[in-house]
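Everything on this sheet refers to the single structure shown next.
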Amino acid sequence: MIQERDQRLLDPEAHLLIVEDDGEMRALVARLLREAGFRVSTARDGREMFEVINDAITPPDLVVLDVMLPGVSGFDLCRRLRAQSQVPIIMLTARADETDRVVGLEIGADDYVAKPFAPREFVARVRALLRRTMMDPGDSVAKARRLIFAGWSLDLKARELTSPAGVIVDLSGAEHDLLLAFLEHPQRVLSREQLMEVAKRRMSVDTSDRAVDVQVSRLRRKIEPDETSPAIIKTVRGSGYVFVPPVTRE
């Protein structure tokens with residue numbers, strides 16, 4: 001049993017949420033964790049953090065939470081999050097004095113990392129915290145194994161997409177990650193910037209708006225083979241894309 005839990009822990013689909021208002025730091029941490037094999041969502045403040053947590057089909061397995069956020073502070077968000085969930089929390093901040101570290105840990109954070117940090121040590125701390133959590137799971141949130149939409153089925157463990165006709169459709173790594181981003185936020189507009197952050201782990205160095213549009217177009221050709229059928233991914237002019245059908249989990 002322990003060995004199975006550890007294996008799940010090392011699954012590259014472990015979902016991490018980064019809450020950081022500084023764009024460069026957010027992108028840096030996201031890239032670091034994606035390169036380490038994790039699936040990453042990002043948020044700029046508490047409002048976006050709870051949107052991701054409440055709307056995601058597969059809730060975050062760990063939250064990296066900055067202290068100095070606009071509006072509600074990271075400390076207050078940590079309290080709120082801990083009141084409703086046992087998800088692991090790492091506080092990430094430039095405030096490195098002992099008092100702040102003690103406060104962060106006392107209000108429910110599991111670890112406290114000061115900026116600047118050593119990338120390898122930071123990833124090791126994330127993995128260690130996930131391992132400890134898996135050994136003593138506290139959240140009762142059931143993880144989805146299969147996502148269903150418009151007759152299609154995505155098996156998250158096998159990473160297989162099955163058509164309404166029962167045919168397995170091959171997806172590239174970028175197409176799988178892009179589809180998963182849509183499935184976790186159905187019927188919500190996703191900007192190209194948000195989709196670029198998802199795409200950086202799988203796409204080439206070119207992660208421009210045009211590159212995202214190309215990936216969306218390729219994904220559309222696979223899940224919308226019949227032009228007479230209702231669109232599954234719609235373009236929202238000037239804003240991004242929206243995944244139209246509802247999504248259910250099994």
Side-chain angles (χ1 to χ4, degrees), residues 1 3-18 30-42 52-53 55-62 87 123 126-127 130-131 133-134 137 139 141-188 190 194-207 211-225 232-233 241-250:
M1 180 62 72
Q3 185 175 5
E4 290 179 3
R5 289 174 177 171
D6 283 347
Q7 185 58 45
R8 284 176 55 205
L9 194 326
L10 297 174
D11 191 321
E13 292 306 307
H15 183 192
L16 310 185
L17 170 59
I18 302 165
R31 184 174 64 252
L32 175 64
L33 293 174
R34 288 189 180 111
E35 289 175 351
F38 296 106
R39 183 161 53 90
V40 177
S41 296
T42 61
V52 173
I53 291 172
D55 295 344
I57 293 293
T58 54
D61 297 295
L62 183 146
V87 63
V123 172
V126 169
R127 292 190 184 279
L130 285 171
R131 271 195 301 272
T133 305
M134 196 61 67
D139 254 335
V141 178
K143 301 295 184 181
R145 290 300 179 187
R146 191 182 303 273
L147 304 181
I148 312 296
F149 65 95
W152 292 79
S153 172
L154 179 65
D155 187 316
L156 297 178
K157 189 175 182 63
R159 298 171 67 89
E160 287 183 348
L161 178 65
T162 304
S163 74
V167 178
I168 294 178
V169 176
D170 289 332
L171 293 178
S172 69
E175 291 164 349
H176 172 272
D177 289 356
L178 188 62
L179 176 59
L180 194 56
F182 281 122
L183 293 178
E184 289 190 327
H185 305 89
Q187 302 172 331
R188 283 185 53 196
L190 294 179
Q194 291 172 308
L195 294 175
M196 278 195 294
E197 291 200 7
V198 171
K200 282 176 183 175
R201 176 155 68 97
R202 293 289 188 179
M203 289 167 58
S204 63
V205 175
D206 177 13
T207 52
V212 170
D213 291 340
V214 169
Q215 287 295 333
V216 171
S217 177
R218 289 174 179 169
L219 180 59
R220 275 175 166 160
R221 287 199 293 269
K222 293 187 176 181
I223 64 177
E224 300 177 4
I232 291 179
I233 302 173
Y241 297 94
V242 62
F243 194 83
V244 177
V247 177
T248 58
R249 61 180 123 184
E250 292 183 350

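On a predicted model such as this, the values are computed, not experimentally measured, just so you know.
- To the nearest 0.5 Å, atoms CG (Leu180) and NE2 (His185) are separated by 9.5 Å.
- Taking the six-membered ring for Trp and thresholds of 30 and 60 degrees, Phe149 and Phe243 have ring planes more than 60 degrees apart, a perpendicular arrangement.
- Between the side chain of Asp155 and the backbone N or O of Arg146, no donor-acceptor pair lies under 3.5 Å.
- Residues His176 and Leu154 form a side-chain contact, since some pair of their non-hydrogen atoms from C-beta on lies under 4.5 Å apart.
- Taking CG of Leu171 as the start and CG of Leu161 as the end, the distance is 5.0 Å to the nearest 0.5 Å.
- What you find for Leu33 and Leu16 is that their closest heavy atoms are CD1-CD1, 3.7 Å.
- Looking at heavy atoms from C-beta onward, Ile232 lies out of side-chain contact with Phe182 at the 4.5 angstrom threshold.
- Looking at Lys157, its side chain never comes within 3.5 Å of a backbone N or O of Arg145 through a donor-acceptor pair.
- The shortest heavy-atom contact between Pro245 and Pro186 is O-CB, 3.9 Å.
- Here the closest non-hydrogen pair linking Pro60 and Val87 is O-CG2, 3.5 Å.
- Here CG of Asp170 is found 9.5 Å from CD of Glu175. Values are rounded to the nearest 0.5 Å.
- For Arg218, the salt bridge (Lys or Arg N to Asp or Glu O under 4.0 Å) test picks out no residue, with sequence neighbours left out.
- Within the 3.5 Å criterion, the main-chain N or O of Ile233 finds a donor-acceptor partner in the side chain of Glu224.
- The two residues Thr42 and Ala30 come nearest to each other via the heavy atoms CG2-CB, 4.2 Å.
- Here the shortest heavy-atom pairing between Lys222 and Trp152 reads O-CH2, 3.2 Å.
- Two residues are said to be in side-chain contact when any heavy atoms from C-beta on lie closer than 4.5 Å; Val169 and Ile223 fail this criterion.
- Here the straight-line distance linking atom CD1 of Ile18 with atom CZ of Arg34 works out to 7.0 Å at 0.5 Å rounding.
- In this structure, the separation between CZ on Phe38 and CG on Leu32 is 9.5 Å, given to the nearest 0.5 Å.
- Separating the CG atom in Leu62 from the CG atom in Leu130 is a distance of 5.0 Å, to the nearest 0.5 Å.
- When all heavy atoms are compared, the tightest approach of His15 to Ser41 is NE2-OG, 2.7 Å.
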